[in-house]
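Below is one structure, written out as structure tokens, with a few remarks after it.
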Amino acid sequence: MTLSSRRLLGGAMLAAVAGFALLGPLHGADPLRQNLSATLLPPGAGHPLGTDHLGRDMLARLAAGARLSFGYALLAALAAAVPGTLLGLLAALRGGWPERLLLGLADAVQALPALLLVVLVTAFAPGEFLPLYIGVALALWVEFFRISRNTAAGVLARPQVEAARLLGLGTGHILRRHLWPEVAALTATLFAFAAGTAVTTVAALAFVGVGARPPVPEWGSMMTELLPYHAEAPLALLLPALLIFLTVLGLHLLAGRERA
Amino acid sequence: MSLIVEKLRIRGPEGVLVQGASFALAPGEPLVLLGETGSGKSLLAQAVMGTLPPGLRAEGRILLDGRDLLPLPPRERRALWGRRIAMLPQEPWAALDPTMRAEAQVAEVDRLVHRHGAAEARRRAAARLAHLGLQGAGRRYPFQLSGGMNQRVALAATEAAGAALLIADEPTKGLDAALRDTAGALLRAEAEAGRMLLVITHDVALARLLGGQAMVMLSGAVVEAGALPGLLEAPQHDYTRRLVAAEPSRWQDWPRRPPGRAIVEGNGLHKRLGGRELFGGLDMSIGEGEVVAVAGPSGCGKTTLGNLLLGLARPDRGQVRRGAWVAPLGLQKLYQDPVAAFTPHQTLGQGIAELRRRHGLAEDRAAGLLPRLRLQPALLGRRPSEVSGGELQRFGLLRALLLDPALLFADEATSRLDPLTQQEVMALLRECVEERGTALLLVTHETALAEKAAGRVLRLGT
Amino acid sequence: MGGLIRVLGGRAVQAVLVALLVGTACFLMVRLLPGDMAYRIAASRYGYDLVDGAAAEAVRQELGLDRPWPVQLGAWFGGLLRLDLGVSLASGEEVAEALGIQLGHTLLLSVTALLFSLLIGPPLGALAGLRSGGWWDGALLVLSAALRALPAFVVGIGLMLWLAVEWEWLPVAGVGGWREVILPALTLALGLAAASSRVARDAVAGVVASPFFGFARMKGLDDATAFRRHGVRNAAIPVVAYLGLQLVILIEGVVVVESLFAWPGIGHALVHAVLGRDIPMVQGTALVMGLLFVALNALTDLACWLLDPRRRAA
């Protein structure tokens, strides 16, 4: 499969999930309203995707979960990408002690696996969203920092930059024409991966109960709630898993190249 | 023992790449295929070996000891490798397993191809290495050996395989002059030991070293053939003539000019790199309009010296002074690999326009230089990777000349170009020196080139 | 030897960083926690019924909770240095003692998972790399892309429902004989194998296309011999080097997968401690998980050092 068709497929998957998230509310059901006389219904009139064990509308809950995951992933990835990339460029251009300091900081953050760091941060206030954002952004900025710093440092060591300096073209030119085109391409790829990591992290933490908690309609916590009913309502358990899969696969395909 | 190639044609999807080459090879007398990049000479070797890239087809006959190789199924051709036909690798340091000791890479041929016992194989390998002057190197890994030593290890492994036909494709690629001479002597010894030797090269000096027969190829066709060195002494075809004339040793001496005011002066320069002293207490100055060459083998610190003088690196001790009259951007540089000296993210025209705006230069200056450097204006719309190496090097020159430099530092600027292109770029540099009075600092590993061009040659690392 | 010492020295620094990071985070947690810390600690010691203001005051005095916070931070790290991890606020048992038992379970799980993943990933990847562009290469790309898009808990649920509930081949969860370890280990292994198979595929494809492999064939070695002599070790070097990075997948997976399969290891305990705000336990479990990560990384460094003569010479 070529790069562009891979990206197209990924974009289509994401567009499908996003469309689902945005069009879901048109159905009109409240994702939180319970109806204990209509639990675990199969898809049918009134509930296009059935109901869960408390009689809540699955379509409304899944769409709300999609909005939550998308918004969360974008915000967390953005909060990591912007400072990470800028600091990386700064470190490469400036060198000296600021670069050593930032590299040491990056080492410190990456001493722990990312999820462990996020769990530690969420331990300050389990079940709340703010520590989740902070934790994921804190764990992810390092990758942006490293990739932009390493790429920029590599480009700066090339003859093309030496030649530009000899020709009297300033730092602005070097930043615009030499560094940014290469850093931007890698940052865009990394952004898609980071958003994917954010989606899975939130779902995984919610699944074990450390992140979002019921009744918040989050994909991971929905799966925790529905796991005991896997025999009666397999579809209700499958749907959130399918949405996570489509979103993350879409992001990975959109990223284009592979991550080692 | 013989190799006879009859009317060998190689076709690709876009037409004929090599047309009707015929030659015969006998033990003891090397055959050299001379030609520039893209002339199809490597395809010929690949056709004999049976390693043509997918999509290419060979027609005609390739008779090894009377048997036609072309109709044979791949398995049977593969079975000839090592035992009957061997190909010396282009870059031996890349062709040896980086994780295996040298001796083991030779001994495995005796053990696994010729089924000798382990002890016997080791003994034979040690003898082969010793014969090539590599006593005691067998326990070392390729990364602990020099380029020339790696080449000998590869040769020992090839000898162990025992093929009667030896093909060497660009065996001197990436080697400096001294190593090239050793490699040439080693190959000639192979032929004298009774092997059939086919050497493919663009290096006229190597052909002269090898002797035997030669064929000159130009865009897929053999234009001239004959015995060496006669073919090179009295070339018939125009292309061969130009190829021979392009050898630096055949160039005319550049006119010597008295140096004017000092542009840069280095006093008592010391520099260490990678724990090794490159030079200690070196004095050097370059005057206006002067041509100075720095020559020496790879890794002797030639480029570093130039960079010190340009202020791109600092000496550990000593100082570099620049003439007060020299403009801030008055020292410019041409690079060994021109592609690496341009940002790939803009067209050549955009790059020049940006330079012009930055320094407020008149618009017609670049336009006026283009024909002077024999560059088509249409090239301005292309990116650096979309023009040839020679064209790009001339753009490098153009962009430097826009700033009216007092000194141009040409850092092996022609070493990666084909001989004819090298001659052309050097001729342009000479015109710069003569017409503009630009001083030139040449860093090169080619002694002949340095001696022809420079009024003063500084030899490093000897 | 110098190279090895430098690499392992780097890992020692990483271990210290882990301790500093976890220790500081947990100290801050105590300071920022709502409610009276001394009261909670006293309650964990004597039980909620028996606790009163005086007992809490005694704890406050004893632990020095009324001293200025830099002094307390120093004391906190002093405790860490003496390997005094404190007492669980939830169960009242020694944290170090609980960790000892949990670590055994986690080690069993992660080592089994690593073994499984090495049996699955690199061989499948190598097959794809030997015929890059072939049908298996394409199939493996799709398979690994799909697996990497699935979080470990989704894979775990899938395996659990399929192998344990539907087919009843394996126990659903818990701990006991060797059968219990298979499902969680397989879950972790699949995630790891998805990543390592790609590295192995690229490494093998790179080796097969390399000039030294070509030259080995030109010397007259047949393909199988050439690959055995020159392919395996050279392809293994990047696979092992990347394994160090991919251990993140393993450690992160352990936290989630242990919870899913009720496997009484460190990850499970960490989640419980976070939920119960049992800070000494959070600190102990996070510390041990982090150090396990560092130790496994040090092992891969050592393997790389043994495999690659260039590193040994450096």
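It should be emphasised that the depicted structure is a prediction, and the values quoted were computed from it without experimental measurement. Lettering follows sequence order; numbering is per chain, from 1.
Between C/Pro151 and A/Thr200, the shortest heavy-atom contact is CG-CG2, 3.5 Å. Nearest heavy atoms, C/Val248 versus A/Pro113: CG1-CB, 4.2 Å. Closest approach of C/Leu17 to A/Ala108, counting heavy atoms only: CD1-CA, 3.7 Å. Nearest approach of C/Ala286 to A/Leu112, heavy atoms of both residues: O-CD2, 4.5 Å.
Between C/Arg148 and A/Leu249 the shortest side-chain heavy-atom distance does not fall below 4.5 Å. Taking 4.5 Å as the limit, every side-chain heavy atom of C/Val13 sits out of range of all side-chain heavy atoms of A/Asp107. Side-chain contact between A/Phe124 and C/Leu28: present, with at least one pair of heavy atoms (C-beta onward) separated by less than 4.5 Å.
Within the 4.5 angstrom heavy-atom criterion, atoms from both the backbone and the side chain of C/Val22 approach chain A. Using a 4.5 Å cut-off between heavy atoms, C/Ala146 touches chain A through backbone and side chain atoms alike.
Going from atom CG of A/Leu117 over to atom CG of C/Leu21 covers 6.0 Å, rounded to the nearest 0.5 Å.
Proximity to chain C at a heavy-atom threshold of 4.5 Å picks out A/Leu227, A/His230 from residues 224-233 of chain A, in numerical order. Of all residues in residues 235-248 of chain A, those placing a non-hydrogen atom less than 4.5 angstrom from a non-hydrogen atom of chain C are A/Leu237, A/Ala241, A/Ile244, A/Phe245, A/Val248.
Checking side-chain atoms of C/Glu252 against main-chain N and O of A/Ala114 turns up a donor-acceptor pair under 3.5 Å.
When C/Thr285, C/Val254, C/Val18, C/Leu270 are each tested for a side-chain contact (heavy atoms from CB on, under 4.5 Å) with A/Leu116, only one passes: C/Leu270.
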I'd like a table of donor-acceptor pairs (distance under 3.5 Å, sequence neighbours excluded) in which one partner is a side-chain atom from residues 203-218 of chain A, with atom names and distances.
unit_1, atom_1, unit_2, atom_2, d
A/Arg213, NE, A/Gly209, O, 3.3
A/Glu218, OE1, A/Gly220, N, 2.5
A/Glu218, OE1, A/Ser221, N, 3.2

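Remark: A/Phe70 pairs with no residue by the ring pair (Phe, Tyr, Trp, His ring centres under 6.0 Å) rule, at least two apart or across chains.
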